[in-house]
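Each chain gets a letter, A, B and so on, in the order the sequences are listed, and its residues count up from 1.
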Number of protein chains: 2
Amino acid sequence: MADPHPAVLMFVAQRHVEKQVLEHLWERGYDDLTLAQGRIAARLGEHGSRLTELAEAAQVTKQSAGYLVDQLERAGYVERRPDPTDARARLVCLSDRGRAVQQEARTVERRIAREWSRHLGAERYRELGAMLAELREITDPWWGGPSS
Amino acid sequence: MADPHPAVLMFVAQRHVEKQVLEHLWERGYDDLTLAQGRIAARLGEHGSRLTELAEAAQVTKQSAGYLVDQLERAGYVERRPDPTDARARLVCLSDRGRAVQQEARTVERRIAREWSRHLGAERYRELGAMLAELREITDPWWGGPSS
DNA sequence: ACAATGTCGTCAGTCTATCTGACCATTAAT
DNA sequence: ATTAATGGTCAGATAGACTGACGACATTGT
């Protein structure tokens, strides 16, 4: 078989991470979370994010993002607060329960990062991260460079 | 913002490629293809693939894969033939129309590969591919090594 | 000041993609 | 020969995604 395109390999690796994280969370009792909800929640900033930002980051329409945030809110993972700087907007913030989940998720991500680093070698793993960050400059239309 | 996990960056890059390919195909008149159908079609081997293989490669259930193959078949991109080596199985094969689409898709993939190679440098781009292939060994449960 | 235009988010409606569970046919293992 | 495993389909349910339209507020320019 010919060399698969890097994107195909990224698909495999990325899905593996999502799956590992989600399964870990399910085992820990957060078994009402779905993959789509997780993709939204994973992109929440510490100080809260606007719906439109979340939608762009997760590559879905704002309607879809709103639907998922509704569910996360009903399940108690996030809450919506008015944005003090813009009365049209609302900030989606993690609740305490949400923060606990995020900690769990990050634990798994760190574990996987260690596995990858061990498998590739620490130096090459760092180089992988650097290259992916550079690719973002030409693949992510909403990416404004290191400053954002 | 802290360094995002490599998987997040892979998500962005991989989605970008899917989107570019699909938009190109739409422009070329193959505007009945959906993303999900494309994910299945992209994983079809030259000599045909079994439904179960496709499902595993695309990370969906065999029912979902069957549903999508039905659509691809109705649209004339693939055909199902009996598998001569196993009477339970059928092989999903590209039709002429399907092969034409695959050529178009590969053209875009090659263009993107060149862009990435230019952006990262040829040597680093090769190294990226090598690392992703190595990661597959620990992230893809259906991967049997270079022999498959 | 105010009109025009743009952005944030929601409502309504639709349809695709996905899942679970059950099932049949065939193959492989004991 | 049974029994278990594998390849695939059928049926039903639902999540998740889209388009389009809209109301509320913000920004910009005159």
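- Dashed line: the shortest gap from a side-chain N or O of A:Arg90 to OP1 or OP2 of C:dT10 is under 4.0 Å.
- Contact check, A:Thr52 against C:dT7: no side-chain N or O comes under 4.0 Å of OP1 or OP2.
- A:Asp83 comes within 4.0 angstrom of no nucleic acid atom, judged by non-hydrogen atoms across all strands.
- Spacing between atom CD of B:Glu56 and atom P of D:dG8 amounts to 10 Å, rounded to whole angstrom units.
- Between B:Tyr77 and B:Asp32, the side chains place a donor N or O and an acceptor N or O closer than 3.5 Å (distance only, hydrogens not considered).
- Across all strands shown, A:Ser64 has heavy atoms under 4.0 Å from base atoms, whether or not it also approaches the sugar-phosphate.
- Atom CG in A:Asp31 sits roughly 18 Å away from atom P in C:dC19 (whole-Å rounding).
- We find that CG of A:Leu33 is positioned 15 Å from C1' of D:dG16, with the value rounded to whole Å.
- Nearest-nucleotide positions on DNA chain D for A:Thr85 and A:Tyr67 put A:Tyr67 closer to the 5' end.
- Protein atom CG of A:Asp70 is 11 Å distant from nucleotide atom C1' of C:dG9, rounded to whole Å.
- Between A:Glu46 and A:Arg99 there is a salt bridge, since at least one side-chain N of the basic residue sits less than 4.0 Å from a carboxylate O of the acidic one.
- Rounding to whole angstrom units, CG of residue B:Leu72 and P of C:dT16 are separated by 14 Å.
- Put simply, B:Arg80 has no side-chain N or O that comes within less than 4.0 Å of OP1 or OP2 on D:dG7.
- For A:Thr61, a side-chain nitrogen or oxygen approaches OP1 or OP2 of D:dC18 to under 4.0 Å.
- Of all nucleotides listed (C:dA17, D:dA17, C:dT27), D:dA17 comes nearest to the side chain of A:Leu68.
- For the pair A:Leu35 CG and D:dA15 P, the computed distance is 15 Å after rounding to whole Å.
- One finds no salt bridge joining B:Lys62 and B:Glu56 here, because no Lys/Arg side-chain nitrogen approaches an Asp/Glu carboxylate oxygen to under 4.0 Å.
- Electrostatic pairing of B:Arg50 and B:Glu53 does not count as a salt bridge here, judged by no charged N lying under 4.0 Å from a carboxylate O.
- For D:dG16, its base never sits under 3.5 Å from the side chain of A:Gln63 at any donor and acceptor pair.
- Below the 3.5 angstrom threshold, one finds a donor paired with an acceptor across the side chain of B:Arg88 and the base of D:dT6.
- Closest contact between the side chain of A:Lys62 and the listed nucleotides C:dG9, D:dG8, D:dG16 involves C:dG9.
- Residues A:Glu109 and A:Arg106 are not paired through a salt bridge, judged by the lack of any N-O separation under 4.0 Å between the basic side chain and the carboxylate.
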Inset, instruction - Check the pair A:Arg124, A:Glu127 against salt bridge (Lys or Arg N to Asp or Glu O under 4.0 Å), reporting the backbone distance first and the verdict last. - result: CA-CA 5 Å; A:Arg124 293 175 78 219; A:Glu127 174 68 357; over 6 Å; no
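- Whole-Å rounding puts the A:Ile40 CD1 to C:dG9 C1' distance at 14 Å.
- B:Asp86 has its CG atom 7 Å from the P atom of C:dA28, to the nearest Å.
- Residue B:Gln71 is classed as a sugar-phosphate contact, given heavy-atom separations below 4.0 Å to backbone atoms only.
- Of the candidate nucleotides C:dT27, D:dG8, D:dA17, D:dG8 has the atom nearest to the side chain of B:Arg50.
- Between A:Thr34 and the phosphate of D:dG16, there is a side-chain N or O to OP1/OP2 separation shorter than 4.0 Å.
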